[in-house]
Amino acid sequence: MEFAELIKTPRVDGVVLHRPFMPTVEGTLCLTGHHLILSSRQDSIEELWLLHSNIDSIEKRFVGSLGTIVVKCKDLRVIQLDIPGMEECLNIASSIEALSTLDSITLMYPFFYRPMFEVIEDGWNLFLPEEFFKDIESSTDEWRLSNVNKDFSVCPTYPALVIVPKAVDDDTLCKVATFRQGGRFPVLSYYHKKNGMVMMRAGQPLTGTNGRRCKEDEKLINATLRVGKRGYIIDTRTISVAQQAKARGGGFEQEANYPQWRRIHKAIERSNILQESLIKLVEACNDQSQNMDRWLSKLEASNWQTHVKEILTTACLAAQCIDREGASVLVHGTEGSDSTLQVTSLAQIILDPGCRTMRGFQALVEREWLQAGHPFQQRCIQSAFSNSKPRWEAPVFLLFLDCVWQILHQFPCSFQFNEHFLVLLFEHAYASQFGTFLGNSAAERVKLKLPQKTVSLWSWVNRPQEMEHFLNPLYETNSLVIWPSVAPQSLLLWEGVFLRWKRSSKCLDEAYEEMVHIIECNKELQSKVNALRRQLAQLETGDGLLGEP
Amino acid sequence: MEHIRTPKVENVSLIDRASARKPCVGTLYLTATHSIFVEHDAERHRETWVLHSLVSAVEKLPATPAGCSLLLRCKNFQVIQFVIPQERDCQDVHALLTRLSRPERYTELYCFAFNPNLDAEAREESWNFIDLKAEFVRMGLPNSLWQMSTANREYRVCDTYPGELYVPKSATLPVVLGSARFRSRGRLPVLTYYHRDNSAAICRSSQPLSGFSARCLEDEQMLQAISSSNPGSSFMYVVDTRPKLNAMANRAAGKGYESEDNYANIKFHFLSIENIHVMRSSQQKMLEVCEQKSPSMAEFLWGLESSGWLKHIKGILDAGVFIAKAVAEEGASVLVHCSDGWDRTAQACSVASVLLDPYYRTLKGLMVLIERDWVSFGHKFSHRYSHVDGDPREVSPVMDQFLECVWQLSLQFPCAFEYNERFLLHLHDQVYSCQYGNFLGNCQKDRVDLRLREKTHSVWWNLWKTRADYTNPLYRPDHSQTQGVLRPTTAPYCFKFWRAMYCRSDPGRQRPPPSMTDVLTAVREESQQLEAELSAQQEKIANLSKILARKAGPMMKTADERGVASGSPRRTQPCLRGESESPLKRSDPDLSASSDQESGVTDLSCLSPSSGEESTKDPDSDEAAYSTA
């Protein structure tokens with residue numbers, strides 16, 4: 001096996017493990033190809049079972065011959081291993097380092113993981129574009145499913161099937177693709193059944209400094225407008241960033257060429273700034289200081305909450321254009337695979353009650369993130385503790401989840417899933433036994449044969465016994481559009497992720513259980529009362545009939 | 001009524017400051033006690049009532065073509081904006097409200113006019129609802145070590161203390177009197193909380209008049225007596241809740257703090273809670289942050305930080321934690337003081353009490369605690385919450401901070417408190433509004449002089465009657481979280497901005513979605529109704545089955561024994577089983593959805609001749625009827 005040469009010391013006895021909120025344990029440390037395992041000596045119970053891919057960075061320290069490895073995980077947990085013997089410690093450290101930074105995707109755990117459960121509903125086939133289109137087709141005939149990208153040559157980051165205006169043929173699409181960043185021509189993201197308005201997304205137009213234009217592009221997006229109606233283009237970048245993009249061949253839609261569209265610029269930051277923000281926020285949360293001023297100023301300086309506010313505000317704007325203004329919307333930033341997806345997916349959560357269900361949300365993640373070509377592999381390769389110079393990593397998806405959590409927190413009854421489900425998605429986006437978040441695009445997933453070689457996260461989550469942990473007991477179908485507050489007073493730090501390992505959640509967990517208990521009692525009473533109502537009705541009619549003869 | 005020249009103004013607009021929504025137009029009525037705005041909209045006729053005594057400031061904004069704007073800032077942090085078409089009307093209303101919102105005498109306050117339709121006896125009873133003597137009995141006092149002293153019966157020793165004081169049995173009258181002479185305003189060390197589990201006590205006082213070197217034998221004996229009244233510990237803590245610098249500055253004025261050299265077996269600590277002036281300006285700064293029109297995240301967080309508000313809240317909670325730890329973990333008694341011992345001392349003692357004793361986390365317990373540590377021990381309510389026009393430097397949000405500490409704790413321990421956020425908000429309103437007499441005046445003596453028990457009503461009884469509104473649905477008295485001492489984390493990130501308190505006129509949203517508490521409360525209420533319905537149904541079934549059994553006994557006996565209604569209570573099982581195979585069962589697939597069926601059933605039981613006399617609740621009666629048939 002390839003891993004054997006990376007594992008210098010497979011096993012060390014007498015290792016002491018320190019973890020948040022748990023007693024210190026001593027045991028045997030074992031390294032396998034994908035896991036770091038610590039079994040307690042007494043009853044050989046596995047105390048720790050950690051995926052190497054979850055390890056963000058390690059630090060080693062020595063006091064005499066006792067070595068200490070501090071393991072910082074991508075889920076923001078920090079654990080400490082005290083290892084007797086300097087050589088063992090160094091060997092373990094270098095092995096972990098090598099195993100947690102494997103270059104080849106095909107060496108990752110999902111390719112080796114065999115599920116211990118029977119896959120009843122294969123998550124890989126659960127959310128097909130055909131199905132999504134069928135639903136749209138039932139309300140409108142203005143759109144079609146195009147397979148112009150079937151071999152991923154028109155747009156390498158798009159899926160094989162995309163939804164485009166019926167009036168536009170594939171040749172036009174190919175031309176438009178050359179005018180948009182990364183070939184990401186405008187495609188349908190969301191159809192608002194209430195008024196027939198749509199949300200589209202794309203990459204930036206490649207106008208460059210000399211104001212290049214593309215008639216086909218104009219034709220394509222104009223085809224989505226009703227006669228005499230104007231649409232909105234939401235550029236997630238500030239006007240100055242968009243201006244600067246011209247120098248690199250990018251740009252934005254000129255009013256003169258798109259007279260039927262009103263362009264609005266917002267200020268969602270680019271990925272490297274978001275990564276910096278995450279690092280600062282986690283540092284603030286891990287600060288041991290008791291000083292309130294220090295905490296608040298570090299929280300502010302991290303800018304994390306500012307990003308949350310900006311993304312939510314932009315999503316609200318998109319939703320408002322569609323629902324309140326009755327206008328169609330095109331969203332793009334630069335590549336159209338980061339901030340664009342944050343906006344389009346959150347707008348759908350605001351507008352579409354279906355996206356607030358368990359299945360609907362999975363479908364949304366599949367459609368607007370995985371299929372839409374968010375480069376998960378690049379973005380989630382490192383998390384907040386990374387020492388290496390950041391390249392492509394950025395918490396774009398985590399920010400999206402944070403925004404969903406903010407809405408969930410404000411509308412505690414409108415979501416079928418709970419906070420745990422969002423935390424689960426965060427964890428699995430960064431390290432997982434499932435193949436769902438591997439690769440950067442649909443094309444890569446096909447090439448890696450992920451559906452054939454790995455198990456989908458959805459296959460596991462949707463099993464009833466797992467699902468019950470992620471269902472919100474307060475959920476009641478709410479068919480309305482929900483408008484979250486974006487006032488700073490309303491936006492909170494997502495403690496479930498950022499303070500998860502800092503303070504015990506015992507009391508909050510108990511409160512959650514109590515809530516579940518209250519709801520269950522109510523349901524039980526309801527069924528009892530209904531049963532008795534039926535009984536009474538029967539007795540009543542029975543009495544009447546029996547009295548007759 | 002003599003002030004009211006303009007009792008009514010037509011075509012006034014109530015501005016929705018939160019959104020760009022169209023303002024509602026209506027009539028503004030000015031009464032002796034309230035401003036009442038009645039919306040013209042024929043369908044809604046919504047009314048907005050603002051109590052004059054709750055208005056802290058009335059501001060006239062520059063006139064616009066639409067009219068003159070009047071801004072009412074309320075003590076509960078609501079901001080209400082009216083637009084009055086005629087400038088003269090606006091001036092009149094402004095002058096009138098300014099006058100009415102600043103009463104000069106206690107007798108002008110609303111509580112003297114407020115009449116909730118109670119007779120004298122009921123009024124007296126409402127005042128007796130919270131009984132401090134019973135509270136000391138609950139804590140186990142008096143006992144062999146502590147006694148009730150009558151030294152202050154006529155408020156002769158200390159006019160800002162209650163008439164009944166609990167002091168160590170070993171402290172003789174000369175010691176009590178001598179100690180009082182050595183303390184600011186005679187506020188001698190007395191017991192406020194007794195921890196029954198280990199006999200440790202929390203005592204409170206004002207600062208000693210020690211200056212740079214003065215000593216007082218009686219005061220030293222007093223502390224010695226307190227210390228020795230706790231046989232479980234060889235020492236006691238003396239906690240000065242002020243920052244050290246402030247306490248040292250007081251020495252120049254002949255006041256100060258205890259020296260460990262002069263008092264035997266004490267451990268002395270400073271707890272660094274700032275004074276009322278710092279707190280007042282801190283809250284003012286925080287409110288300015290809240291009032292900004294659409295601030296950025298950075299502006300908000302920066303403003304919150306620079307206001308220092310959460311830092312002060314943390315400081316008070318830390319003080320409470322320190323005292324609670326000393327009592328519960330070290331078993332040591334603690335003497336708490338600040339300068340006068342009526343602001344920071346009240347905060348620290350009551351926060352410690354909430355942490356130590358689950359009783360104060362119940363509705364009645366919090367009432368008792370406020371009555372004890374705040375009302376009876378002379379917290380200067382009328383000065384701090386400017387009930388009557390007075391020195392603005394006396395005003396400070398001391399109670400706000402205590403309520404906020406409790407709220408911050410309830411975030412960490414969601415199941416441990418019987419009361420909910422609404423209760424804390426409502427208490428805040430009551431402290432400021434003077435609808436009831438409880439919080440009038442600055443000490444017990446004031447309240448006796450004002451004859452409040454005869455002239456006003458008590459808020460506690462009223463709160464108790466409506467306690468369903470204030471109950472936390474997650475609270476369970478037998479929950480492990482509810483029991484024993486609370487050990488909160490006071491890391492900075494545990495403190496939240498209290499949005500519901502400080503953003504009552506919410507800048508973000510018109511109607512907030514229902515909170516989890518609201519939903520759970522509704523669910524629990526529904527469950528209670530279901531339970532009632534369930535037992536009514538069971539009764540009816542019992543009666544009906546008796547009738548049925550009499551009419552068709554033999555047929556029932558041949559019925560199959562397989563049950564249908566899973567989860568239905570045991571007592572109804574026999575008749576359910578009897579019915580299960582009845583051919584009539586399948587005739588109606590779902591009756592539960594039909595409300596007609598419900599009323600039909602009710603009719604039947606009313607018509608049934610035997611239902612009245614047979615409605616016995618004995619669970620065995622079903623079976624009895626069954627077998628006798």
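Protein chains get the first letters and strands the later ones, always in sequence-line order, with residue 1 at the start of each. Bear in mind that the values here come from a model prediction, so they are computed numbers and not experimental data.
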For B:T490, is it the side chain, the backbone, both or neither that has a heavy atom under 4.5 Å from a heavy atom of chain A? both
Looking at B:K311, B:M297, B:Q528, which one has more heavy-atom pairs under 4.5 Å with chain A than the rest? B:M297
Shorter than 4.5 Å, heavy atoms on both sides: which option in B:A491, B:S515, B:S306 has the most such pairs with chain A? B:A491
For atom CE of B:M516, decide whether the heavy atoms of other residues, nucleotides or ligands shown that lie under 6.0 angstrom number more than 12. no
Taking every heavy atom of A:C285 against every heavy atom of A:F498, the minimum-distance pair comes out as CB-O, 3.7 Å
Between A:Q489 and B:C290, what is the shortest heavy-atom contact and its length? NE2-O, 3.8 Å
With a 4.5 Å cut-off on heavy-atom pairs, point out which of A:Q305, A:R294, A:E476, A:E510 contacts chain B the most. A:E510
Should we count NE2 of A:H265 as having more than 12 external heavy atoms under 6.0 Å? yes
So that I know where these two stand, are A:F417 and A:H469 an aromatic pair - ring centroids less than 6.0 Å apart? no
Contact part of B:K314 toward chain A, heavy-atom cut-off under 4.5 Å: side chain, backbone, both or neither? side chain
Portion of B:E299 that has a non-hydrogen atom of chain A nearer than 4.5 angstrom: neither
Please list, chain by chain and in numerical order, all residues satisfying side-chain contact (heavy atoms from CB on, under 4.5 Å) with A:T236, sequence neighbours excluded. A:I268, A:V331, A:S339, A:V343
What part of A:L525 gets within 4.5 angstrom of chain B, counting heavy atoms only: side chain, backbone, both, or neither? both
Structural part of A:S504 lying under 4.5 Å from a heavy atom of chain B: neither
Need one label for A:K502: side chain, backbone, both or neither, based on atoms under 4.5 Å from any heavy atom in chain B. both
What part of B:V523 gets within 4.5 angstrom of chain A, counting heavy atoms only: side chain, backbone, both, or neither? both
Taking every heavy-atom pair that is under 4.5 Å apart, which of B:H479, B:Q481, B:E526 has the most such pairs with chain A? B:Q481
For B:S296, is it the side chain, the backbone, both or neither that has a heavy atom under 4.5 Å from a heavy atom of chain A? backbone
Going through the checks in order, is the side chain to side chain donor-acceptor pair (under 3.5 Å) test met by B:E418 and B:N472? CA-CA 5 Å; B:E418 188 187 19; B:N472 169 14; over 6 Å; no
Side-chain donor or acceptor of A:E495 paired with backbone N/O of A:R500 under 3.5 Å: no
Between A:Q288, A:E514, A:K523, A:M515, who has the most heavy-atom pairs with chain B when the cutoff is under 4.5 Å? A:E514
What class does the angle between the rings of B:F497 and B:Y502 fall in, given that below 30° is parallel, 30 to 60° is tilted and above 60° is perpendicular? tilted
Let me know if A:L474 has heavy atoms under 4.5 Å from chain B in its side chain, its backbone, both or neither. side chain
